[in-house]
Amino acid sequence: MFQDQKVSFSGVQPSGNLTIGNYLGAIRNFSKYSEEYKCFYCVVDEHAITVRQNPAELRRRTYETLALYMACGLDPDQNTLYVQSHVHEHAELAWILNCFTMFGELSRMTQFKDKSSKHADNINAGLFTYPALMAADILLYQTDVVPVGIDQKQHVELCRDIAERFNQIYPGTFTVPEPIISRSGMKIMSLAEPTKKMSKSDENVNAVVYILDDRDTIIRKFKRAVTDSETCVRFAEGKDGINNLITIYSCFTGKTFEEIEKEFEGHGYGDFKLAVGEVCADALAPVQTRFHELLSDKASLEAQMRKGAEEASYYARRTLGKVQKKLGFVKL
Ligand code: ATP
Ligand code: LTN
């Protein structure tokens with residue numbers, strides 16, 4: 001579809017304020033592909049409504065997520081940046097793929113199990129079939145690589161199974177995608193419960209560092225991060241809190257774990273926590289400045305959404321048309 005150029009696709013839900021987990025695990029890695037690949041990065045608002053959203057907040061966060069994509073370095077002239085609900089082919093292909101996805105497969109999804117226990121009063125069918133919509137997002141663009149955090153690996157693997165199943169019946173329809181998980185930002189953990197993923201929907205705001213937190217807040221949150229009763233900064237099994245802080249420091253500075261252990265030899269956790277807070281705040285400062293500039297011009301953001309949706313629709317239409325033809329739908 002792109003004259004031998006490979007395709008990268010990923011998405012982030014506008015379901016909360018974005019965290020440094022989203023930044024290090026996903027968004028920061030998106031721009032790595034901009035030069036060589038044809039890139040589509042989507043604000044997946046249709047995925048977000050699998051749990052109840054406040055309409056005004058969902059709308060605001062959709063603008064914010066697009067602005068953050070750009071503030072994190074994604075150039076809209078080099079990447080197709082758009083909002084999922086602006087390209088109706090996503091929902092249409094999702095229905096078709098639902099018919100090629102098995103109940104047993106969906107039942108095994110960890111995210112479904114987690115979210116249905118968290119939202120026990122609203123275990124809706126959308127929450128259950130969410131991976132079929134995610135597969136549609138990816139397969140519409142004949143995607144080769146999907147940069148995501150490790151928590152999404154299972155969904156991308158299911159997407160591969162769906163693509164292969166479809167291709168077996170209707171050969172040559174979809175490119176089978178690969179998940180790309182960055183080594184460094186694989187899984188950033190909660191600062192309060194370091195065995196749990198840092199998540200934007202966590203109710204404890206002190207467990208989470210948001211990309212838009214100010215410097216003092218970032219430093220205060222790291223100071224309060226849960227660690228252990230040892231005093232020496234070293235990466236080891238069972239030291240989940242310190243391991244998480246070492247990972248974060250390594251992501252922001254590019255230093256290896258060994259270099260970090262050496263740098264903090266003879267220092268206590270207090271010094272180390274302060275250093276982590278400072279490198280994080282320093283790295284996020286330019287992103288925040290650019291974000292506020294972009295957000296202050298809504299008209300430009302909307303023009304951007306329109307341009308992205310037009311570009312994406314062109315490719316999405318082609319794949320959906322091919323799928324409908326293969327299935328035997330009458331084309332007028
Ligand atoms: P929610 O809390 O609403 O489930 P989330 O914080 O998990 O949201 P998503 O929108 O589901 O965020 O994820 C966007 C991307 O960020 C995905 O690729 C996901 O793997 C990645 N990601 C999210 N949290 C982390 C984390 N703690 N560490 C590394 N990557 C993460
Ligand atoms: N399910 C993902 C968000 C998401 C996505 C995608 C990621 C929706 N569609 C397509 C990569 C590719 C999540 O919850 N983080």
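Whatever order the structure lists them in is the order used to number ligands and atoms, beginning at 1.
Of the N or O atoms in Lys115, one or more lie within a sub-3.5 Å distance of an N or O in ligand 1. Here's the thing with Tyr130: one of its N/O atoms is less than 3.5 angstrom from an N/O atom of ligand 2. Geometrically, ligand 2 and Gln152 share a nitrogen or oxygen pair separated by less than 3.5 Å. For a threshold of 3.5 Å applied to N or O pairs, the pair formed by Asp137 and ligand 2 contains at least one separation below that value. Taking only nitrogen or oxygen atoms, main chain and side chain alike, Ala26 does not reach within less than 3.5 Å of ligand 1.
The aromatic ring centroids of His155 and Phe112 lie 6.0 Å or more from each other. Between His267 and Phe272, a ring centre-to-centre spacing not shorter than 6.0 Å is recorded.
When the heavy atoms of Asn17, Leu24, Asn22 are ranked by distance to atom 14 (C) of ligand 1, first place goes to Asn22. When Met198, Lys197, His47, Lys200 are ranked by how near their heavy atoms come to atom 7 (O) of ligand 1, first place goes to Lys197. For atom 19 (C) of ligand 1, the nearest non-hydrogen atom from the set Asn244, Val156, Asp151 belongs to Asp151.
Short contacts between ligand 1 and Gly25, defined as distances under 4.0 Å to a heavy atom of the residue, involve ligand atoms 29 (C), 30 (N). Below 4.0 Å from some heavy atom of Lys187 lie the following atoms of ligand 1, by number and element: 28 (N), 29 (C). Within ligand 2, the atoms closer than 4.0 Å to a non-hydrogen atom of Val146 are 11 (C), 12 (C), numbered from 1 in the order shown. Each of the atoms 7 (C), 11 (C) of ligand 2 lies under 4.0 Å from some heavy atom of Val148. Using a 4.0 Å cut-off to heavy atoms of Gln13, the atoms of ligand 1 that qualify are 10 (O), 11 (O). Shown in contact with Gln13 at under 4.0 Å from a heavy atom are these atoms of ligand 2, numbered in order with element: 13 (C), 14 (O). Using a 4.0 Å cut-off to heavy atoms of Ser15, the atoms of ligand 1 that qualify are 3 (O). Near Gly149, meaning under 4.0 Å from one of its heavy atoms, ligand 1 places the atoms 18 (O), 19 (C), 20 (O), 30 (N). For ligand 2, the atoms lying closer than 4.0 Å to a non-hydrogen atom of Val44 are 8 (C), 9 (N).
Closest protein heavy atom to atom 10 (C) of ligand 2: Phe9 CE2, 3.5 Å. Looking only at protein heavy atoms, the nearest one to atom 3 (C) of ligand 2 is Gly11 O, 3.6 Å.
Judged by distance alone, the side chain of Tyr249 and the main-chain N or O of Phe257 form no donor-acceptor pair under 3.5 Å. A donor-acceptor distance shorter than 3.5 angstrom exists from the side chain of Lys221 to the backbone of Val205, with no hydrogens or angles considered.
Residue Lys322 qualifies as enclosed at atom NZ: its count of foreign heavy atoms under 6.0 Å is above 12. Other residues, nucleotides and ligands contribute more than 12 heavy atoms inside 6.0 Å of the CG atom of Leu58. Within a 6.0 Å sphere centred on CZ of Arg306, heavy atoms belonging to other residues, nucleotides or ligands number 12 at most. No more than 12 heavy-atom neighbours from other residues, nucleotides or ligands sit within 6.0 angstrom of CZ on Arg52. The 12-atom threshold is not exceeded at NZ of Lys6, counting heavy atoms of other residues, nucleotides or ligands nearer than 6.0 Å.
Geometrically, Lys200 does not engage Tyr210 in a cation-pi contact, judged by NZ or CZ lying under 6.0 Å from the ring centre and within 45° of the ring axis. Cation-pi geometry between Lys38 and Phe40 is satisfied (NZ or CZ under 6.0 Å from the ring centre, within 45° of the ring normal).
For Gln111, the closest heavy-atom approach to ligand 2 falls below 4.0 Å.
Here Val148 has heavy atoms under 4.0 Å from ligand 1 in both its backbone and its side chain. Neither the backbone nor the side chain of Leu133 has a heavy atom within less than 4.0 Å of ligand 2.
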Run the side-chain hydrogen bond (donor to acceptor under 3.5 Å, both in side chains) test on Glu310 and Tyr82 for me, step by step, so that the C-alpha distance in whole Å, both residues' side-chain angles and the decisive distance to 0.1 Å come before the verdict.
CA-CA 9 Å; Glu310 276 168 19; Tyr82 70 104; over 6 Å; no
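A salt bridge does not link Asp45 with Arg61: none of the charged nitrogens is closer than 4.0 Å to a carboxylate oxygen.
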